[in-house]
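See below for the structure under consideration.
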There are 2 protein chains.
Amino acid sequence: MGDKTTRDCIVEAADKLFYQQGYERTSFASIASVVQISRGNFYYHFKSKDEILDAVIETRLCTTRRMLQQWEVEGKHPVDRIHRFIQILIDNRLKIKQYGCPVGTLCSELAKLDHGSQSQASQLFTLFRTWLRKQFVQLGHKSNADILAMHLLARSQGVAALANALYSEKFIKNEVKYMRDWLNNYV
Amino acid sequence: MGDKTTRDCIVEAADKLFYQQGYERTSFASIASVVQISRGNFYYHFKSKDEILDAVIETRLCTTRRMLQQWEVEGKHPVDRIHRFIQILIDNRLKIKQYGCPVGTLCSELAKLDHGSQSQASQLFTLFRTWLRKQFVQLGHKSNADILAMHLLARSQGVAALANALYSEKFIKNEVKYMRDWLNNYV
DNA sequence: GACGGTTTAGGACAATTGTCCTAGAATCTG
DNA sequence: CAGATTCTAGGACAATTGTCCTAAACCGTC
């Protein structure tokens with residue numbers, strides 16, 4: 001476990017399991033067996049299961065913010081940065097075809113559970129939305145930058161959803177090529 | 001309940017609840033309270049909960065097949081028929097923003113549960129895929145008809161997923177307009 | 001009205017769930 | 001070393017889950 005605190009280990013394991021099995025499906029027992037702590041020990045670190053979910057979302061928000069910031073540094077041109085966004089579909093294609101998009105599937109599950117952390121989870125989308133919009137604005141699309149950002153976000157969501165349902169890697173590659181062409185023709 | 005059999009009532013209620021709350025979340029008790037039968041009575045009609053799921057999927061497959069057949073009759077031109085497909089996003093926009101796409105969310109949940117009926121559920125997608133492909137073939141796109149079918153399917157999935165996550169009706173309308181333009185420019 | 005198959009109600013079952021409690025171990029502080 | 005604080009283990013708790021069982025109600029047929 002290294003030098004990470006028990007709390008961090010719980011959040012890390014929960015993050016992974018929530019993605020792979022879903023939030024509700026993941027029990028305290030299954031997290032405990034991964035982290036190797038007793039079931040009763042959770043309640044020293046978290047008051048409830050919902051609180052673990054909040055911590056997981058918070059972690060994901062931080063990670064995503066950092067990632068987007070990093071992309072901002074690496075990509076010289078806005079087009080390069082948007083291409084970097086599209087690239088995550090390729091990079092994560094194995095996990096996507098198996099578990100779908102971590103953001104999309106979590107939001108979908110929480111919506112069905114009518115869970116209170118729903119709006120927090122959707123902030124993950126907002127992060128990408130705002131970031132993409134910024135890039136499109138820099139490309140001169142002031143009036144419809146948000147439309148374009150949402151469009152690209154939806155496209156990637158659709159790719160993830162279908163690739164997961166049909167368990168197809170090839171489809172991801174097809175669509176990514178399509179998206180790249182779209183982007184290059186648009187700017 | 002009319003003259004429908006108890007079995008039909010169970011499947012109907014389960015269908016609705018599976019969509020609104022998810023498969024795992026929906027308990028026998030909650031179905032029972034809708035159909036107004038005792039919990040123990042289920043096992044006369046179904047051997048297990050999985051069997052109810054199978055029946056629900058089977059029903060959805062039948063309904064979808066009928067609907068696609070109907071569209072085939074109503075739409076004179078293949079383009080009209082594809083537009084009819086896009087139109088479901090508008091027709092079901094209220095439910096979509098609240099619960100997502102019934103096909104997409106079910107497949108996503110079953111994938112996470114690693115459920116045996118996963119492939120059955122994804123047949124729902126295949127139904128649309130085959131139907132759309134057929135329309136594109138009739139439009140003369142022989143070599144990439146399947147690519148186009150999958151593309152449109154993914155677009156609609158993405159719209160549903162995002163509209164659900166951000167609870168936005170307006171976004172659906174935006175994207176539908178976009179999809180219609182795409183279709184008209186393509187053919 | 002008596003019979004036999006179909007359908008139903010309601011409770012029992014073990015397992016699992018999230019939650020809570022308490023006693024003890026570990027760690028830090030003086 | 002003594003004491004206080006932080007952390008942990010493990011069991012108890014009620015509630016809920018899917019499943020199963022049995023007896024009674026229903027219903028058409030003789």
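So that the names make sense, note that chain A is the first sequence line, chain B the second, and so on, each numbered from 1. All of these numbers come straight from a predicted model, not from anything done at the bench.
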When you match Gly40(A) and Arg25(A) each to their closest nucleotide on DNA chain C, which lands nearer the 5' end?
Arg25(A)

Say you draw a straight line from CZ of Arg93(A) to CD of Gln98(A); how long is it, rounded to the nearest 0.5 Å?
13.5 Å

For the pair Trp131(A) and Trp71(A), name the ring-plane relationship: parallel under 30°, tilted 30 to 60°, perpendicular over 60°.
perpendicular

Contact list please: residues 44-55 of chain B against DNA chain C, heavy atoms, distance less than 4.0 Å, in numerical order.
Tyr44(B), His45(B)

Would you tell me if any nitrogen or oxygen in the side chain of Ser27(B) comes within less than 4.0 Å of OP1 or OP2 on dT17(D)?
yes

Please determine if Arg155(B) forms a cation-pi arrangement with Tyr178(B), meaning its NZ or CZ atom is less than 6.0 Å from the six-membered ring centre and no more than 45° off the ring axis.
yes

Tell me whether Lys49(B) contacts the main-chain N or O of Tyr23(B) through its side chain, where contact means a donor paired with an acceptor under 3.5 Å.
yes

Pairing donors with acceptors under 3.5 angstrom, does anything connect the side chains of Asn41(B) and Ser38(B)?
no

Let me know the distance between CZ of Phe28(A) and P of dA9(D), rounded to the nearest Å.
15 Å

What's the CD1-C1' distance between Ile10(B) and dA9(C), to the nearest Å?
13 Å

Ignoring the backbone of Ser38(A), work out which of dT17(D), dT17(C), dT8(D) is nearest its side chain.
dT8(D)

Short side-chain N/O contact from Thr6(A) to OP1 or OP2 of dT8(D), under 4.0 Å
yes

Presence of Tyr43(A) side-chain N/O under 4.0 Å of dT19(C) phosphate oxygens OP1/OP2:
yes

Between dT17(C) (P) and Phe42(A) (CZ): distance, integer Å
12 Å

Atom-pair distance (CZ on Arg7(B); P on dT8(C)), nearest Å
13 Å

Between CD1 of Ile31(A) and C1' of dG18(C) the distance, given in whole Å, is 11 Å

Whole Å only: how far is the CG atom of Asn41(A) from the C1' atom of dT6(D)?
11 Å

Identify whether any heavy atom of Ser30(B) sits under 4.0 Å from a base atom; if not, whether one sits that close to sugar-phosphate; answer base, sugar-phosphate or nothing.
nothing

Given Asp146(A), which partner from the list His141(A), Arg133(A), His151(A) fulfils the side chain to side chain contact (heavy atoms under 4.5 Å, CB included) test?
Arg133(A)

Is there a donor-acceptor contact under 3.5 Å linking the side chains of His83(B) and Asn184(B)?
yes

Using atom CZ of Arg39(A) as one end and atom C1' of dT17(C) as the other, report the distance to the nearest whole Å.
9 Å

